Amino acid sequence: MTVATINAGRLQRRLEDFARIGATAAGGVNRQALSREDRAARRLLAELALARGFHVFQDAMANLFIRREGREDDAPPLLIGSHLDSQPTGGRYDGALGTLSAFEILEALEDAGMQTERSVEVVAWTNEEGSRFAPGVMGSMAFAGAADPAAWRSLADSKGASFADELAETLAALPEATARALGTPVSGYIELHIEQGPSLEKEKLAIGVVTGVQGTRWLQVTITGEAGHAGTTALSYRRDPMVAAVGVLHALQASVMPSDIDARLTVGRIATVPGSVNAIPRAVTFSLDIRHPSAARLQEIDAQVRAICGEQCAAQGCSVEIATAFDMPPGVFSPAMVEVVQEAALRLSLSSKRMVSGAFHDALFVSRVAPTAMIFVPCRDGISHNETEYVEPASVENGARLLLEATIAAANGPPPV
Ligand code: GLV
Ligand code: MN
Ligand code: MN
């Protein structure tokens, strides 16, 4: 048996091959969950796996698993991976880096003929991003039993495509995959991902050893006024929901983030009904993405949003409805699994710091059912959810080497708890 090593050239080529699936003119990818492009990426990964003699499985959420048998083939496997779906104007590395690096680990173990105690499985989770069908991290949430997937069956995307139909088509597109039960137990989970923020690059550190994930809440705010003629309706007769929405957004932007350096507030989507140039809208709807490492602060910001909406809408004679589209409390990873990653980084002499993830990840829900940790590598200027997202080849290699080292440690010996 030789020592397993990463084939960095092969991994770079794979990243390039997958970046062609859903490639955008600006150099990024549009490979949204359960789309034709997502199916093509899943097919390519499954074909690569079958060509190497690995077994391929999928569960009812189309989470895709690739298994390399260990010595104890009936023990729960160690899971490594990430997601293959992207934002509509996404980068080439968000998700793909962790999934393809995990597959590189299986190949490196296979190349070296290295047997592990427990089986090692690569996973590509379904719909991490949540931009086509909300919420995000659907596949891992359902895997962890934190949501009933039946609740999502009636969802449709912005063009009217049904979630249930797209899921069924995605499952049917991979007949080679053996069906397996949702939530089939695993002994642990390690996910490699880009930081998606600037701190590692700024601090010239190779690795972020992730100890947990901050909380996220998605609200959908609908402000309703009265539709009217743009030209004939004088100010005193207007109940304009756009004026109320502008007031709400201004008040929120002025109050939430400036007073709390850990708070994040983003309005990524806004729409009017009927959406006509020369009609006062009847309703304005916008999304709010709120993040905070503290569950209590997240709750306070939620209350602040409701108070501000109430005041601003009353001032315009409008009504408001606020729906919670997604509520993900902060999560803390297993100290033992975090230590596996930290010690592996020390053995490889990779500079690192411990950090909490600002982005949510599938690891957040998996950590509820198995000891979990994450590895971050820097990305250029901290830019992500953007077609210009870029990771230096040296960082790709650092991340993959560390994932291999941590995988070998976690798949052998007693499972971390
Ligand atoms: C994940 O994509 C996030 O929005 O944090
Ligand atoms: Mn991601
Ligand atoms: Mn993302």
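The model shown is predicted, which means the values in this text are computed figures rather than measured ones. Index from 1, following the sequence.
Relative to the ring axis of F103, R14 does not place its NZ or CZ within 45° and under 6.0 Å from the centre.
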Can you give the donor-acceptor pairs under 3.5 Å from side chains of residues 133-148 to other protein atoms, not counting sequence neighbours?
| residue | atom | partner | partner atom | Å |
| --- | --- | --- | --- | --- |
| S140 | OG | V137 | O | 3.3 |
| S140 | OG | D362 | OD1 | 2.6 |
| D148 | OD1 | A150 | N | 3.0 |

Step by step, work out the salt bridge (Lys or Arg N to Asp or Glu O under 4.0 Å) result for E107 and R68. CA-CA 9 Å; E107 296 210 272; R68 181 173 185 270; over 6 Å; no

Audit row: V221, V320, side-chain contact (heavy atoms from CB on, under 4.5 Å) steps and yes/no: CA-CA 7 Å; V221 180; V320 62; 3.8 Å; yes

Please determine whether side-chain contact (heavy atoms from CB on, under 4.5 Å) holds for the pair S255 and I308, giving the CA-CA distance in whole Å, both sets of side-chain angles, and the decisive distance to 0.1 Å. CA-CA 10 Å; S255 61; I308 288 175; 3.9 Å; yes

Working note: N127 + H83, criterion side chain to side chain donor-acceptor pair (under 3.5 Å); need CA distance, chi angles, decisive distance, verdict. CA-CA 8 Å; N127 190 21; H83 59 99; over 6 Å; no

Could you walk me through whether L200 and V377 pass the side-chain contact (heavy atoms from CB on, under 4.5 Å) check? CA-CA 7 Å; L200 293 174; V377 292; 5.7 Å; no

Can you list the steps and then say if I190 with V341 is a side-chain contact (heavy atoms from CB on, under 4.5 Å)? CA-CA 9 Å; I190 308 175; V341 170; 4.3 Å; yes

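Contact check on E397 versus R401 returns no salt bridge, with no Lys/Arg side-chain nitrogen under 4.0 Å from an Asp/Glu carboxylate oxygen. Note on R217 versus D327: salt bridge recorded, some NZ/NE/NH1/NH2 to OD/OE distance being below 4.0 Å. Salt-bridge formation is not detected for the pair R67/E110: no Lys NZ or Arg NE/NH1/NH2 atom is positioned less than 4.0 Å from an Asp or Glu carboxylate oxygen. Ion pairing between a basic and an acidic side chain is recognised when a charged N comes within 4.0 Å of a carboxylate O; E166 and R39 show such pairing. Using a cutoff of 4.0 Å between basic side-chain nitrogens and carboxylate oxygens, R306 and D302 are scored as salt-bridged. The existence of a salt bridge linking D111 and R52 is confirmed by a sub-4.0 Å separation between a basic side-chain nitrogen and an acidic carboxylate oxygen. Ion pairing between R36 and E169 fails under the 4.0 Å rule for side-chain N and carboxylate O. Between D260 and R297 there is a salt bridge, since a side-chain N of the basic residue sits under 4.0 Å from a carboxylate O of the acidic one.
With T407 contributing its side chain and L403 its backbone, the two residues share a donor-acceptor pair below 3.5 Å. At least one donor-acceptor pair closer than 3.5 Å links the side chain of S351 to the backbone N or O of A206. Side-chain atoms of N412 come within 3.5 Å of backbone atoms of I408 as a donor-acceptor pair (strictly under, hydrogens ignored). Put simply, the side chain of Q58 gets close to the backbone of L171: a donor and an acceptor are under 3.5 Å apart. Between the E104 side chain and the N7 main chain, a donor and an acceptor come within less than 3.5 Å of each other. Remark: the backbone N or O of M61 is paired with a side-chain donor or acceptor of T126 at under 3.5 angstrom. Counting only distance, with no hydrogens or angles, the side chain of S101 and the backbone of G98 share no donor-acceptor pair below 3.5 Å. Judged by distance alone, the side chain of S357 and the main-chain N or O of V213 form no donor-acceptor pair under 3.5 Å. In terms of modelled atom types and a separation under 3.5 Å, the side chain of E201 and the main chain of D381 share a donor-acceptor contact. Y390 places no side-chain N or O within 3.5 Å of a backbone atom of Y93 that could act as its donor or acceptor partner.
Annotation: side chain of L265 is not in contact with side chain of D289 (no heavy-atom distance under 4.5 Å). Contact annotation: the side chain of L288 approaches that of L252 to within less than 4.5 Å [non-hydrogen atoms, C-beta and beyond]. Contact of the Y189 side chain with the V369 side chain is not registered, since no non-hydrogen atoms from C-beta on lie closer than 4.5 Å. Considering only heavy atoms from C-beta on, R118 stays 4.5 Å or farther from P77 through its side chain. Two residues are said to be in side-chain contact when any heavy atoms from C-beta on lie closer than 4.5 Å; I223 and Q316 fail this criterion. Residues D240 and P281 have side chains in contact (heavy-atom distance under 4.5 Å, counting atoms from C-beta outward). By the 4.5 Å heavy-atom criterion applied to side chains, L182 and P149 are counted as neighbours. Within the 4.5 Å cutoff, the side chain of R42 has no heavy atoms near those of the R31 side chain.
Taking every heavy atom of both residues into account, V391 and V396 meet most closely at CG1-CG2, 3.7 Å. Looking at every heavy atom in both residues, T99 comes nearest to A124 through CG2-CB, 3.9 Å. Shown here for E191 and S82, the closest heavy-atom pair between the two residues is OE2-OG, 2.8 Å. Heavy-atom minimum distance, G247 versus Q312: CA-OE1, 3.4 Å. The shortest heavy-atom contact between V120 and L109 is CG2-CD1, 4.3 Å. The two atoms that bring G268 and S287 nearest to each other are N-OG, 3.5 Å, heavy atoms only.
Here the CG atom belonging to D17 is positioned 8.0 Å from the CG atom belonging to L48, to the nearest 0.5 angstrom. Note that CD1 of I290 and CD of Q299 are 10.0 Å apart. Values are rounded to the nearest 0.5 Å. Summarising the geometry, atom CG belonging to L79 is positioned 6.0 Å from atom CZ belonging to F65; distances are rounded to the nearest 0.5 Å. Atoms CD1 and CG, on I6 and L404 in that order, are 4.5 Å from each other to the nearest 0.5 Å. Annotation: the span from N386 atom CG to D94 atom CG amounts to 11.0 Å, rounded to 0.5 Å. Distance check, rounded to the nearest 0.5 Å: NZ of K353 to CG of L205 gives 6.5 Å.
Side-chain contact annotation: E37 with N30, donor-acceptor N/O pair under 3.5 Å absent. In the model, Q214 has no side-chain atom that pairs as donor or acceptor with a side-chain atom of R264 under 3.5 Å. Residues S384 and E389 have side chains that bring a donor and an acceptor to within less than 3.5 angstrom of each other.
More than 12 heavy atoms of other residues, nucleotides or ligands lie within 6.0 Å of NE2 in H385, so this atom counts as buried by the packing criterion. Counting heavy-atom neighbours within 6.0 Å of R269 CZ, excluding the residue itself, gives a total of 12 or less. Atom NZ of K202 has 12 or fewer neighbouring heavy atoms from other residues, nucleotides or ligands inside a 6.0 Å radius. Counting heavy atoms of neighbouring residues, nucleotides and ligands inside a 6.0 Å radius, atom CZ of R153 does not exceed 12 of them.
Residues in residues 343-368 take part in these ring-ring contact (aromatic ring centres under 6.0 Å, His included) pairs, two or more places apart or across chains: H193-H361, W218-F360, F326-F360, H361-F376.
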